[in-house]
Amino acid sequence: MEQFFNYDDLKDLYDIAIIGGGPAGLTAGIYAARDNLDTIILEKNFPGGQVGITEIIENYPGFPDGIMGGDLAEKMFLHARKFGVQVKNGICGKIEIDGKYKIIHLEHSVHKIKAKSIIFATGAKPLHLEVPGENKFLGRGISFCATCDGAFYKDKVVAVIGGGDSAVEEGNYLTKFAKKVYIVHRRDKLRAAKILQDRAFKNPKIEFIYNCVVKEVKGEEKINAITLHNRVEEKDFDLPVDGVFVFIGWTADTELLKGMVDMDDSGFIKTDEHMATKIPGIFAAGDNRLKELRQVVTAVADGAIAAKSAEKYIEENF
Ligand code: NAP
């Protein structure tokens with residue numbers, strides 16, 4: 001996918017600046033640009049967000065055989081670009097309110113983006129285990145992305161931590177490479193959708209370990225084991241593994257707006273049904289928003305609503 005690091009063609013003023021180029025941000029871009037609003041998306045990694053690092057999406061309507069996450073991300077990106085959305089790679093360091101205008105200060109750059117409204121679509125980031133040894137092996141044995149790192153574990157033994165959709169789905173995916181996948185869950189019942197559970201139960205390479213939490217990640221140069229604590233038997237034991245994939249949920253990526261808009265204790269932004277935060281002209285969309293169901297399909301819906309709300313806000317206030 002193209003990358004956009006050149007800021008020379010930044011405009012003096014945008015109608016809408018979208019922070020985050022995942023499904024919510026890209027959809028907001030499509031809707032805004034189709035309404036002839038000057039729109040820019042600022043994305044810190046690559047467009048597509050979590051979708052881009054998902055192997056296959058099986059529940060996005062219109063794709064009965066599923067669609068590869070990377071393909072869906074690219075289609076959404078190209079769709080937004082087709083209607084004229086500017087997409088830039090960059091990190092938003094600070095948001096400043098200047099009367100009716102919003103100023104986005106970029107990290108590692110003197111450039112600023114000035115806009116009449118902002119759609120904050122930064123998504124969520126994975127929760128960490130927060131146990132001894134985790135930091136030591138981050139990126140070299142501890143992973144939060146099976147699509148990115150699974151191939152490193154050909155014929156090896158890995159542990160997947162968690163009992164939700166991500167853990168069970170990605171555990172299944174990892175059996176393409178690993179000779180053995182343990183799915184370690186803290187309770188005796190999985191939270192994952194039934195269809196994903198059934199698939200995993202039938203997979204001979206997967207073994208479930210219930211009622212256990214990770215106490216430590218062990219190894220010298222490489223991971224060689226995790227210490228598990230069985231919460232029912234109140235016993236610790238070591239499980240030899242070569243890698244650990246952590247899928248224990250997500251926290252909102254919203255530090256930038258902390259203290260400015262209302263959030264819950266985990267940083268998920270409170271909006272009304274129009275995706276409006278308590279700051280006029282700042283909207284939130286996607287997985288960083290406080291809501292029941294975080295899926296691609298709800299993210300794109302949020303993005304569309306946020307763009308329409310931003311358009312109305314601009315009409316009424318400029
Ligand atoms: P999730 O649904 O929040 O599940 C997190 C899992 O980790 C739960 O089983 C939880 O246990 C466990 N957990 C939480 N904290 C833990 C800790 N400190 N130590 C050990 N285990 C811990 O997260 P997710 O699976 O990433 O899914 C996030 C959202 O994305 C969900 O809405 C999900 O439906 C969606 N998603 C959908 C699909 C799909 O539709 N195919 C695929 C992936 C994700 P408890 O069960 O005991 O709370």
Side-chain angles (χ1 to χ4, degrees), residues 22-24 48-70 72-73 123-135 142-148 150 158-174 181-200 203 206 208-217 226-232 236 239 241 244-253 264-268 286-302:
Q50 283 172 53
V51 168
I53 56 167
T54 301
E55 149 86 328
I56 185 160
I57 315 270
E58 290 182 324
N59 54 3
Y60 193 72
F63 299 95
D65 300 323
I67 178 163
M68 305 304 281
L72 184 59
K125 54 190 177 188
L127 287 172
H128 289 203
L129 292 167
E130 317 242 346
V131 297
E134 183 180 42
N135 284 341
I142 299 267
S143 172
F144 303 89
C145 173
T147 312
C148 316
V158 299
V160 168
I161 317 300
D165 286 340
S166 299
V168 176
E169 190 162 54
E170 303 302 313
N172 256 315
Y173 171 71
L174 284 167
V181 175
Y182 294 103
I183 298 185
V184 179
H185 183 36
R186 65 180 175 183
R187 291 184 294 134
D188 64 352
K189 273 197 190 64
L190 298 170
R191 176 189 291 275
K194 194 76 177 53
I195 185 170
L196 299 175
Q197 293 191 29
D198 289 346
R199 208 176 283 165
N203 189 324
I206 294 182
F208 284 89
I209 300 180
Y210 292 108
N211 299 314
C212 285
V213 290
V214 181
K215 268 185 87 173
E216 189 179 347
V217 181
I226 49 176
T227 305
L228 297 181
H229 174 71
N230 187 309
R231 302 160 81 200
V232 175
D236 292 353
L239 181 72
V241 294
V244 181
F245 286 80
V246 181
F247 299 110
I248 60 170
W250 300 81
T251 181
D253 201 349
D264 75 354
D265 292 343
S266 302
F268 290 103
D287 281 6
N288 62 11
R289 206 168 69 75
L290 186 61
K291 60 179 180 178
E292 275 294 311
L293 187 63
R294 294 192 177 87
Q295 298 271 299
V296 186
V297 77
T298 60
V300 300
D302 282 6

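Both ligands and their constituent atoms are indexed starting at 1 by order of listing. Below, all heavy atoms of this structure are taken into account, side chains as well, without hydrogens, waters or symmetry copies.
Counting heavy atoms from C-beta on, the side chains of Leu228 and Val214 come closer than 4.5 Å. Between Leu72 and Thr54, every side-chain heavy-atom pair lies at or beyond the 4.5 Å cut-off. Here the side chains of Leu196 and Asn172 are not in contact, with every heavy-atom distance at 4.5 Å or above. Residues Val246 and Pro126 form no side-chain contact, since every pair of their non-hydrogen atoms from C-beta on lies 4.5 Å or further apart. Proximity of Glu216 to Val131: side-chain heavy atoms (C-beta onward) are nowhere separated by under 4.5 Å.
Every atom of ligand 1 with a heavy atom of Asn59 under 4.0 Å away is listed here by number and element: 39 (C), 40 (O). Contact atoms of ligand 1 toward Gly249: 3 (O), 5 (C), 23 (O) (distance under 4.0 Å to a heavy atom of the residue). If you number the atoms of ligand 1 from 1 as listed, the ones under 4.0 Å from a heavy atom of Gln295 come out as 33 (C), 34 (O), 35 (C), 36 (N), 37 (C), 40 (O).
Across the listed options Lys189, Arg186, Lys291, Arg186 owns the non-hydrogen atom lying nearest to atom 13 (N) of ligand 1. For atom 30 (O) of ligand 1, the candidate residues are Arg187, Arg191, Arg294; the nearest heavy-atom contact is made by Arg294. Considering Gly163, Gly164, Ser166 only, the shortest heavy-atom separation from atom 27 (O) of ligand 1 involves Ser166.
The protein non-hydrogen atom at the shortest distance from atom 7 (O) of ligand 1 is Ile248 CA, 3.2 Å. Nearest protein heavy-atom contact of atom 38 (C) of ligand 1 is Asp165 CB, 3.6 Å. In terms of protein heavy-atom proximity, atom 28 (C) of ligand 1 is closest to Trp250 CD1, 3.8 Å. Nearest protein heavy-atom contact of atom 42 (C) of ligand 1 is Glu169 OE1, 3.1 Å.
In this structure a side-chain-to-backbone donor-acceptor pair under 3.5 Å is missing from Asp253 to Asn288. Using modelled atom types, one side-chain atom of Arg294 and one backbone atom of Arg289 make a donor-acceptor pair closer than 3.5 Å.
At a heavy-atom cutoff of 4.0 Å, ligand 1 is contacted by the backbone of Phe247 but not by its side chain. Neither the backbone nor the side chain of Glu58 has a heavy atom within less than 4.0 Å of ligand 1. At a 4.0 Å heavy-atom cut-off, ligand 1 touches His185 through the side chain alone.
Ring orientation note: the planes of Phe144 and His128 are close to parallel, at an angle under 30° on the 30°/60° scale.
Here the rule is side chain to side chain contact (heavy atoms under 4.5 Å, CB included) with Val181, and of Asn203, Val158, Val241 only Val158 fits it.
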